[in-house]
There are 2 protein chains.
Amino acid sequence: MFQISVQRVTAAENNNNNNNKNNMSQQAANGVPCRGKVLTVDNMNPRVKKVEYAVRGPVVQRAVQIEKELREGVKKPFTEVIKANIGDAHAMGQKPITFFRQVLAMCSYPELLKDNMFPEDAKQRARRILEACGGHSIGAYSASQGIECIRQDVARYIEKRDGGIASNPDNIYLSTGASDAIVTILKLLVRGEGCDRTGVMISIPQYPLYSAAITDLGAVQVHYYLDEANCWSLDVAELRRALNAARQHCNPRVLCIINPGNPTGQVQSRQCIEDVIRFVKEEHLFLMADEVYQDNVYAEGCKFQSFKKVLFEMGPEYSSTVEMASFHSTSKCYMGECGFRGGYMEVINMDPEVKAQLTKLVSVRLCPPVSGQALMDLVVNPPQPDEPSYTTFMKERTAVLAELAEKARLTEQILNTVPGITCNPVQGAMYSFPRITLPQKAIDKAKEAGHIPDMFYCMKLLEEEGICLVPGSGFGQREGTFHFRYKSYHKVIFFFGLKSKLKVLLQRLRDFHQRFTQEFS
Amino acid sequence: MFQISVQRVTAAENNNNNNNKNNMSQQAANGVPCRGKVLTVDNMNPRVKKVEYAVRGPVVQRAVQIEKELREGVKKPFTEVIKANIGDAHAMGQKPITFFRQVLAMCSYPELLKDNMFPEDAKQRARRILEACGGHSIGAYSASQGIECIRQDVARYIEKRDGGIASNPDNIYLSTGASDAIVTILKLLVRGEGCDRTGVMISIPQYPLYSAAITDLGAVQVHYYLDEANCWSLDVAELRRALNAARQHCNPRVLCIINPGNPTGQVQSRQCIEDVIRFVKEEHLFLMADEVYQDNVYAEGCKFQSFKKVLFEMGPEYSSTVEMASFHSTSKCYMGECGFRGGYMEVINMDPEVKAQLTKLVSVRLCPPVSGQALMDLVVNPPQPDEPSYTTFMKERTAVLAELAEKARLTEQILNTVPGITCNPVQGAMYSFPRITLPQKAIDKAKEAGHIPDMFYCMKLLEEEGICLVPGSGFGQREGTFHFRYKSYHKVIFFFGLKSKLKVLLQRLRDFHQRFTQEFS
């Protein structure tokens, strides 16, 4: 029915492992040594081979194939693949913020500044960005750390967000999306062999960039479990359990937190953040706070508070010692500008010599894309109440956030009507991570075929309904439990109005689940 | 007079290496353990510490400081720092190609498509790119390998460039500048410990991205020397010498070639390319061909020929076996669009299972910046003779290339009039790498102070004349020889007319060199 490439590779590996070890050993028919490829799966970087990235894994690859088949006229039980696998807002019909794109158009083609087609505040932003670019062109390399005036704007944004706590532009590094910055900080921290290998604490479930980067860098994943029964909250006792267990076999040096959570959508309480900060101080860990969903908070009583703000409000004992990095991006929140690959990180209490090394390291890649930097600047420096673009900007921003909130609510509500699916409230971010009950027969059948049960489920859902979800196993889950990650589908709003269409989609998911359960009962 | 941060760090390392090993060992005055930083230069990733990247190294860092001092009113013997350290065309006054930027403006703000301000061919390109984007927005993630229709355009461009030799879009990977793709291929190839560690053959002089990436990945640099006496040409006997020497202590698996050369500006002959291809086939090496300067060929009798074209013209014995990757970028040639971080690579004869791993690996970073992908598309699919933008496009393109050629000629000519400086003809690319004779006293004085002699020279040139060059030691050079890399300064053309101003700049360089020679004689 479907192929899973990761497993295909593993099988090939087993077959070739012994007879291919010496490339010279094979002989062609004519007696000339047939050396085979220089680079094979057997002799390539073993760490790369181990990397897994479910968000663009086998289910998504199959979805792309199916789309191609549909275009070629192959008959399916559906006419369109619905990709609910990734937080790609624009691909799902969300419209860009007008102000942002007007400024970017002028930055791309500064002749537009001479026309009177764009509002004055947009022109002013474009002029300011261009003046900060070499040769007044976004085609010039920027400083590796990012354009200075944009870093200043980021610092001002952080200060305002955190109620006045100072932010130093020298601590801001612009990046190629948040992923780039996260991998860079992990790279600084990784070292050692055997029991001294760096351990990186990540939540389960987690966003698979973390596990992929940790594998690629040769570090050790240290898993702490989020509490599904308690709305995916984080418990410091569980952090401590995971840390102590890990200390038997590696050197845990860093704790990664995603807040609001991906894929689990929880928003951490003030108390929880304080507990985490105390924990990293006591245990002498570096803290990485992935805060890319900071504007995506929907549930009543929930509020985004940055780790930095809480750290500084806990007093100098903490604010002068705890080393941390916080990450943000242009890809999420109300912007959803994923394709521009804009982002930044703020490093706090980083040793100055390490910071010099960080600056050197980022310089090897020259600079983050300048159009992404420009977009980041607009996100942190949007139209103000006295500026002409303010009203439109606020209208667009509010509409997107309201829609996301409404979808979060609807998703939880509808999914919970399906017997065998339970979904926690989506407090924030962009996803839900519902738990699915799979019949034992389905589990057995998947295992027989060498597949992970929730991958089996998602592949079947894709083939039968054209709905593309990422199996929970790609994010990690407690042994014996199964989930999928679901990204609310935006296009439905745009074309058909929210409630009716989203309901149709969720209805199809419900029907499939019931059919699947019957088939394997 | 100046500090060199790399050396500062090394000193700190020596001082702290022993007494800081255990973070718990120090005690604060109050008896509470003072654990110091979680992350220090002593316990960070040792590979990152070893990375060097001269193009943005100490001289450039000092140049940025001096610019700040000038802005703050500090008196200097000059009023402006001339950064001849980097191939950053727009920063040096080169203007973007109008057509490219018109299309990018429409991609950023599609409302512009409704106006009649832009020519029809620009509109058609913008529409086509937008139609290939998720939700018709360049703010959507693209496929990790890059947008399909752009990969098709790249393949067509390669076919045309190489006289009809087929190119498969499935072998094209769009990238975040060429650097990203180069590091990705190196990452696939790196493995092993001790004598089995992957060796990577790089030229000396080389572009320091290669040495930095090799260090970061824990592989071994295998140096082959270009022949300065013979216009920096490459000799296969030298490749063989380097390879055999390296096989004593590592496992050389890949040969990197930069053609046209950076920093040395040579353009390889057909014969040389054939020899290299025979060599990699015989020696069972993967070939990486960095061809980002493919439009930058100036010298009479020189012509760019891609490694792929030559490979396929050598017949199926080669074209069906030699594994290679070729890299291109939007940053160089006549475009000089560095800030967009656009690029692509074509992989040839790559094992399909390795290719699946490559596709998985690039998916972890989601996708290259979509605006950079769009720009890459325009580079490979520029206005055609029957299209309205063709005349302007060709005029702009030709002017830039003619200026670069004229500067290459002038640079060689003027530098060679200075006693103590010898400069090979600049056949292509964007730089010259002249050799400088330093008096023994200067060498001794530099060494006494712990500085590399050509770094000492370049720092003094920067302090006294405000001219920023990269010392030859950053690229590698034969023991006992000294060089700098010089990037022709473009701004002079734009503001003042080429010859007079470029001559003034080179005159200052000449005066400095004579003064320096006298001071240390």
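Letters go in sequence order (proteins before strands), and every chain restarts at 1. From a predicted model like this one, the values you see are computed outputs, not experimental measurements.
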Can you confirm whether more than 12 heavy atoms, excluding those of B:Glu282, are under 6.0 Å from its CD atom?
yes
How close do [X] and [Y] get, counting heavy atoms only, and between which atoms?
X        : Y        : answer
A:Ala213 : A:Leu186 : CB-CD1, 3.9 Å
A:Arg191 : B:Asp42  : NH1-O, 3.3 Å
A:Ser329 : A:Met335 : O-CE, 3.5 Å
B:Ser211 : B:Thr215 : O-OG1, 2.8 Å
A:Leu130 : A:Leu113 : CD1-CD1, 4.0 Å
B:Lys95  : A:Gly135 : NZ-O, 4.3 Å

Do you know which of [options] has the most heavy-atom pairs with chain A at a distance under 4.5 angstrom?
options                               : answer
B:Cys133, B:Ser363, B:Pro46, B:Ser179 : B:Ser363
B:Pro96, B:Ser144, B:Gly177, B:Gly336 : B:Ser144
B:Leu189, B:Leu375, B:Val254          : B:Leu189

Quick check on [X] against chain B: is it the side chain, the backbone, both or neither that has a heavy atom closer than 4.5 Å?
X        : result
A:Leu285 : backbone
A:Tyr210 : neither
A:Val183 : side chain

Using non-hydrogen atoms only, which part of [X] is less than 4.5 Å away from chain A: side chain, backbone, both, or neither?
X        : value
B:Pro368 : backbone
B:Leu217 : neither
B:Lys355 : neither
B:Met117 : side chain
B:Ser331 : side chain
B:Asp115 : side chain
B:Ile138 : both
B:Phe118 : side chain
B:Arg101 : both
B:Cys107 : backbone
B:Val280 : neither

Just so I understand: if I count every heavy-atom pair under 4.5 Å between each of [options] and chain B, which residue has the most?
options                               : answer
A:Arg253, A:Met44, A:Glu323, A:Met350 : A:Glu323
A:His136, A:Gln102, A:His90           : A:His90
A:Val370, A:Asp88, A:Thr198, A:Val354 : A:Asp88
A:Leu209, A:Thr176, A:Leu112          : A:Leu112
A:Pro369, A:Gly134, A:Ala140          : A:Ala140
A:Val60, A:Leu104, A:Leu188           : A:Leu188

Using a strict threshold of under 4.0 Å (side-chain N to carboxylate O), is an ion pair present between B:Lys187 and A:Asp216?
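Result for this pair is yes, salt bridge flagged.
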Assess whether a salt bridge exists between B:Glu52 and A:Lys360, defined as any Lys/Arg side-chain N lying under 4.0 Å from an Asp/Glu carboxylate O.
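A salt bridge is absent here (no side-chain N lies under 4.0 Å from a carboxylate O).
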Say you draw a straight line from [atom1] of [X] to [atom2] of [Y]; how long is it, rounded to the nearest 0.5 Å?
X        : Y        : atom1 : atom2 : value
A:Ile129 : A:Ile147 : CD1   : CD1   : 7.5 Å
A:Glu337 : B:Ser137 : CD    : OG    : 5.5 Å
A:Thr321 : A:His284 : OG1   : NE2   : 8.5 Å

For residues A:Gln373 and A:Ser142, is any side-chain donor paired with an opposing acceptor at under 3.5 Å?
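On atom types as modelled, these side chains qualify, holding a pair under 3.5 Å.
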Does B:Asn349 reach the side chain of A:Lys37, with side-chain heavy atoms less than 4.5 Å apart?
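A side-chain contact exists here, since the closest heavy-atom pair is under 4.5 Å.
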